[in-house]
Amino acid sequence: MNLSLYTVAAFLIIDTDGHRVLAKYYHPKSHPNGESKKLATVKEQRAFEKGLFQKTKKAGGDIILYDSHLAVYKHSLDLIFYIIGDPSENELMLHSALVAFSDAVHMLLRNQVEKRGVLENLDLVLLCLDETIDDGIIVETDSTTIASRVSRPKADTSDIVINEQTLLSAYQTVKEKMQQRIGQL
C-alpha cells in the first residue's frame, strides 16, 4: 500500500500530431522509495510519449494502464492533457487533479485551450501546473482557487486621486523629514 504524498510521476501536454507541447517529469530525491529511475532520460521519455499517444490519440477514454504507468488523460481541441502515476495510485485523485488543472487553464485562457493559445500563454499554464502539482505532490484540486492564484488583478489606477490636498500633504511630509535630517547634522 502506498502511503506517500508523491502521486504524480509526470505531467504531459501532447498535440494531436503526437508532438510534445509541455512535459514535466517528477523525480523527487525525498521520495520514500528513493529517486525514480523510470523515464529518467529524454530518449526514454520521448519513446514513452510516442507510445502513449498511439494508444490514446482517439477520444473516448480517460484512463489507461500503459508501460507499467497509470495515465489519466483528457482531450481538448488539438491537445491532450496527461497525468502519469504509478499503477497503485488513486485514479480518482489523479483525475480530479487533471480536471482541476484543465478547468483552471480554460478559465485563464478564456476557453481558447488550443496549441497556439497554450504556447502564447505558457507562463500562465506553467504557473497553473505548479499550483496544482508540486514536485509530484497534488497540492490543489479546486480550479477556481488555482486560477485565482495564477491570475493577478490589474492595478486599478483610476481610484488614485491626485489633487492639491495630496500634493500639499506630500510636500509637508518631505519638508519635515528634510528639516529633521538637517537638524541631525
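Side-chain atoms are counted along with the backbone in the values below, which use heavy atoms only and exclude waters and symmetry mates.
- No continuous path of hydrophobic side-chain contacts links M107 to V105 [ILVMFWY only; heavy atoms under 4.5 Å].
- A heavy-atom distance below 4.5 Å is not found between the side chains of Y25 and I84.
- Using a 4.5 Å heavy-atom threshold, the side chains of L77 and V113 count as separate.
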Does the pair I14 and F81 meet the rule for a side chain to side chain contact (heavy atoms under 4.5 Å, CB included), with working shown? CA-CA 7 Å; I14 298 177; F81 298 103; over 6 Å; no
In sequence, state the C-alpha distance, the side-chain angles, and the governing distance for F53 and H19, and then conclude on ring pair (Phe, Tyr, Trp, His ring centres under 6.0 Å). CA-CA 9 Å; F53 172 73; H19 298 96; 8.6 Å; no
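- The backbone N or O of D142 lies less than 3.5 Å from a partner atom in the side chain of E140, making a donor-acceptor pair.
- Proximity of I13 to I80: side-chain heavy atoms (C-beta onward) are nowhere separated by under 4.5 Å.
- Taking the side chain to side chain contact (heavy atoms under 4.5 Å, CB included) definition, one finds that K115 meets it with D15, V21, D78, L79, L119, sequence neighbours left out.
- Judged by distance alone, with hydrogens and angles left aside, the side-chain atoms of T56 form a donor-acceptor pair with the main-chain N or O of L52 at under 3.5 Å.
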Can you check side chain to side chain contact (heavy atoms under 4.5 Å, CB included) on I63 and L70, steps first, answer last? CA-CA 7 Å; I63 187 168; L70 181 67; 3.7 Å; yes
Between L98 and D62, does the side chain to side chain contact (heavy atoms under 4.5 Å, CB included) criterion hold? Intermediate values first, please. CA-CA 10 Å; L98 181 63; D62 58 2; over 6 Å; no
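- How far OG1 of T7 is from CD1 of I133: 7.5 Å, rounded to the nearest 0.5 Å.
- The NE2 atom of H69 sits 11.0 Å away from atom CD of E89, with the distance rounded to the nearest 0.5 Å.
- Note: E114 CD to E120 CD = 8.5 Å, rounded to the nearest 0.5 Å.
- Taking every heavy atom of both residues into account, K57 and H75 meet most closely at O-CE1, 3.4 Å.
- With rounding to the nearest 0.5 Å, the separation of OG in S148 from CD in E131 is 8.5 Å.
- In this structure the side chain of V125 reaches within 4.5 angstrom of the side chain of L22, judged on heavy atoms.
- Here the side chain of H106 pairs no donor or acceptor atom with the backbone of A104 at under 3.5 angstrom.
- Note on V99 and L108: separate hydrophobic clusters, where clusters join Ile, Leu, Val, Met, Phe, Trp and Tyr whose side-chain heavy atoms are under 4.5 Å apart, directly or indirectly.
- Going from atom NZ of K24 over to atom CG of D130 covers 4.0 Å, rounded to the nearest 0.5 Å.
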Is there a side chain to side chain contact (heavy atoms under 4.5 Å, CB included) between M93 and T141 once you walk through the steps? CA-CA 9 Å; M93 190 64 189; T141 57; 3.9 Å; yes
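- You'll find the side chain of K74 stays beyond 4.5 Å of the side chain of H95, heavy atoms only.
- Residues T132 and V139 have side chains not in contact (no heavy-atom distance under 4.5 Å, counting atoms from C-beta outward).
- For F11, the ring pair (Phe, Tyr, Trp, His ring centres under 6.0 Å) partners are F101, not counting sequence neighbours.
- Expressed to the nearest 0.5 Å, how far SG of C128 lies from CG of N121 amounts to 11.5 Å.
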